[in-house]
Amino acid sequence: MRGALGGPRVLLRRLREVMAEPVSAQERLDKIVVLIAANMVAEVCSVYVLRVDGTLELYATEGLKREAVHMTVMRTDEGLVGLVASQANPINLSDAQSHPAFSYRPETGEEIYHSFMGVPILRAGNTLGVLVVQNRAHRTYSEEEVEALQTTSMVLAEMIASGELSALALPGAEPAVHPHRMVTGVALAEGIALGHVVLHEPRVAITNFIADDIPKELKRLDDAINKLRADVDSMLDRGEVSDGAESREVLEAYRMFAHDRGWLDRMREAVSSGLTAEAGVERVQSDTRARMLRATDPYLRERLHDLDDLANRLMRQLMGVDHAPRKDQLPDNAVLIARAMGPAALLDYDRKRLRGLVLEEGGPTSHVAIVARALGIAAVGQIENATSIVEAGDSIIVDGASGEIYVRPPQDIENAYAERVRLRARRQEQYQALRGKPCVTKDGKDISLMINAGFVVDLPHIEETGASGIGLFRTELQFMIAPAMPRIGEQLALYRAVLDAAGKKPVTFRTLDIGGDKVLPYMRSFEEENPALGWRAIRLGLDRPGLMRSQIRALLRASSGRALRIMFPMVAMVHEFDQAKAMVENELTHLRRHGHGLPERVEVGVMVEVPSLLFQLDELLPRVDFLSVGSNDLAQFLYAIDRGNTRVADRFDTISAPMLRALRDIADKGREYKKSVTLCGEMASKPVGALALVALGYRSLSLTPSAMGPVKAMLLDLDAAKAEAMLRPLIDKPSGSVSIRTQIEEFAAAEGLQL
Ligand code: PEP
Ligand code: MG
């Protein structure tokens, strides 16, 4: 290597000795810059540390004026050093002074140095400072020298991250090792969590950076890469998809990266320069993370994420131990952070200790969000780079109402949130007081408020909320979280438990709504271009009647001597309902013939969630016993907007004319045919949605249990006739300038209603 004395291996070895010396932090830094300067044959070597106030402070230098140490402070938008920090990228210039970003600091005496090489000091993708070497002559530093300086900077990153330098800082100007961060995403499940970060897929902490035996470390790296390739290949061969997080596309990307020479060469180079295999992976991964944090192109960011995931796997391979958190040994007040997570994975955690969930992906109607709400934990989704900006054990606040998270919050914010938690507890007590009250509006309209459920953990909510029944029991959730297809006996046991818990209150069971985004890990899935529009729910049920038949049988047997309500999801044509109903009748005949006890009464209904049903209401209503509107899917198909696609999920408001007209027509037709119509989508779980629905004539709503208090409190104060008089004309003639949602909110404010 040109210029460098002994190369990075010798330097790393010398640095290790300095790190072990019992000297003060300043002395250690001073020795380090002397060593680096000598090794790189540079006249200057300086360390700048990023401070909590966002500026960079000169902490040590060899070659610049000593008086400037701890005196020279610059912003990250200032000078070449600032540019290295803000872009988290090396800068290598033979004539620094002609660069437009060059800014001259007289106190440092740097005007005589022409060449400049600066690299960011990175840890887990976060910039902690900048390491610079300078020479008087116009010198071009080689690629190898840039690499070597980056490798060296890892030692400084560890030193800064260890907190050793904090003693050298003035209050308020400490190194920004753990800066406070507030990030806004999308609210998934209401509630506030104050707790500590647990990474669903933890990063591995490396303790040993500098290699004793480089050939041995290279072999370890090669072995780990070979194992990783074999693992990825076999996952692809088996078509393994875990938790819905690893789609085939992701696995293909893994495979591509696992064979990418550039990636592998960079890691091998880092190890050849004197790092352990783990540190070599971390060194390259840190660059990837830094790029990921800055990438604006969503596709590129996804791929960088994939590469980061792969590096994590490689790291786990090298460390040889399973670093996954013991799901039954969570700390108290755990807040889980994941890129994506399936509902089953979330249910694996000890829910007594779980307070919150933060995801990089996940829309409000995704199933993990539904499970989070069932568990009563605060959840926020679409937090960009969530897994990169936190460290395990960090304190964190999750605001599931606003969609904000605070990582390492300052004391005043923590106090404010603790106060809000106390307030919420008090409000919950007030809602509890409404529990026994019938839900009647101010003008005397009875509203039936039921809950949505799907898990055994949901059942106590019937009592706790004072619900008048279960308006939607999502039977597929049992299937989604099971390791294998639940047998008829297991289904029977769950349905009995549900009916027992409900007592005399009605329960509406929805038959399996699988397919689409609801993947059963043990069932063969088919590649579909548009799974939401594909072979799912009743379509699958009618084509594969065995599964649906056994479910109907389990439902009928569980309801022996009681009333049963069954409804079918995703019906698009009336004849599908006819076929499904015929299946129920066949099963009844079968049970009767075999002398089984029969339900006292069976009612069959349909979910209205495919828009084609809007134009078949006159044929449908005479056939069914009831309808239930699934506003989540109805909105998805009405606006052609993928409910799980975070890029489009918030594009259209469901409280706008097209959706409200559809909802009004369904309610009006239901009344005309004297059939009950419930709404069981998420819309009913928001007071503003519930207000609109009651104004449109809905008298039966099925909600997420935690929404019961706020929705009921609002309805008790609502004049339904007045709301109807306000909303109906708006739907026919929406104002161009003020949205219907805003007008509902203004109405609520004028009426003193809490939305
Ligand atoms: C809906 O689509 O609104 C609904 C209630 O069903 P799910 O969310 O389970 O699809
Ligand atoms: Mg649906």
Side-chain angles (χ1 to χ4, degrees), residues 188-189 244 342-343 362-374 381 449-455 458 469-481 507-520 530-541 565-572 576-577 580 605-614 626-645 649 652 654-655 659-660 662-663 666-667 677-686 689-690 692-693 698 700-705 707 711:
L188 299 184
T365 51
S366 62
H367 284 86
V368 66
I370 291 167
V371 171
R373 288 193 284 266
L449 290 185
M450 295 178 286
I451 55 165
N452 294 343
F455 301 105
D458 289 321
I470 296 179
L472 167 64
F473 190 87
R474 292 182 163 104
T475 59
E476 66 277 3
L477 296 186
Q478 179 191 24
F479 285 68
M480 284 165 66
I481 64 173
V507 179
T508 304
F509 289 96
R510 176 174 74 186
T511 60
L512 281 182
D513 188 4
I514 48 175
D517 59 335
K518 302 174 188 178
V519 184
L520 303 187
N530 296 299
L533 309 178
W535 198 49
R536 52 174 293 199
I538 188 136
R539 303 167 182 189
L540 202 148
R565 286 164 65 89
I566 305 183
M567 72 176 169
F568 304 108
M570 289 291 296
V571 171
E576 291 171 315
F577 171 74
V606 159
M607 293 265 310
V608 181
E609 50 185 351
V610 180
S612 61
L613 281 189
L614 295 172
F626 62 90
L627 292 183
S628 190
V629 181
S631 54
N632 307 337
D633 276 313
L634 187 59
Q636 155 161 273
F637 298 125
L638 208 54
Y639 294 97
I641 192 154
D642 180 346
R643 63 192 263 187
N645 180 336
F652 302 116
T654 45
I655 303 194
M659 181 78 176
L660 295 177
L663 293 170
I666 302 164
V677 180
T678 300
L679 189 135
C680 61
E682 298 300 320
M683 185 180 175
S685 295
K686 299 268 185 327
L693 290 165
Y698 286 79
S700 171
L701 305 176
S702 193
L703 327 176
T704 293
V711 168

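First listed ligand is number 1; within each ligand, the first listed atom is number 1. Every value quoted in this text rests on a predicted model; they were computed, and no experiment measured them.
A donor atom on one side chain and an acceptor atom on the other are not found under 3.5 Å apart for Thr678 and Ser628.
For Arg536 and Glu476, the salt-bridge test fails: no basic side-chain N is under 4.0 Å from an acidic carboxylate O. Comment: Asp458 does not engage Arg474 in a salt bridge, judged by the lack of any side-chain N to carboxylate O separation of less than 4.0 angstrom.
For the side-chain hydrogen bond (donor to acceptor under 3.5 Å, both in side chains) test, no residue two or more places apart in sequence or in another chain qualifies with Thr654.
Taking the N/O/S atoms of Glu609 in turn, the shortest distance to the Mg ion (ligand 2) belongs to OE1.
Between the choices Met607, Arg643, Arg536, Glu682, the shortest heavy-atom distance to atom 8 (O) of ligand 1 belongs to Arg643.
Contacts with ligand 1 closer than 4.0 Å are made by no heavy atom of Met570, backbone or side chain. Contacts with ligand 1 closer than 4.0 Å are made by side-chain heavy atoms of Leu472 only, the backbone lying farther away.
Those atoms of ligand 1 that come under 4.0 Å of a heavy atom in Gly681, given as number and element, are 3 (O), 5 (C). Close approach of ligand 1 to Gly630 (heavy-atom distance below 4.0 Å) involves ligand atoms 1 (C), 2 (O), 3 (O). Atom numbering of ligand 1 starts at 1 in the shown order; those under 4.0 Å from a heavy atom of Asp513 are 10 (O). Of all atoms in ligand 1, listed by their number and element, those nearer than 4.0 Å to a heavy atom of Glu609 are 1 (C), 2 (O).
Closest non-hydrogen pair, Ile666 versus Tyr698, comes out as CB-OH, 3.8 Å. Among all heavy-atom pairs drawn from Ala662 and Leu614, the shortest one is CB-CD1, 3.8 Å.
Residue contact annotation: Asp633 places an N/O/S atom under 2.8 Å from the Mg ion (ligand 2).
In this structure, Arg539 contributes its side chain and Leu533 its backbone to a donor-acceptor pair below 3.5 Å.
Not a single heavy atom of Gln636 sits less than 4.0 Å from an atom of ligand 1.
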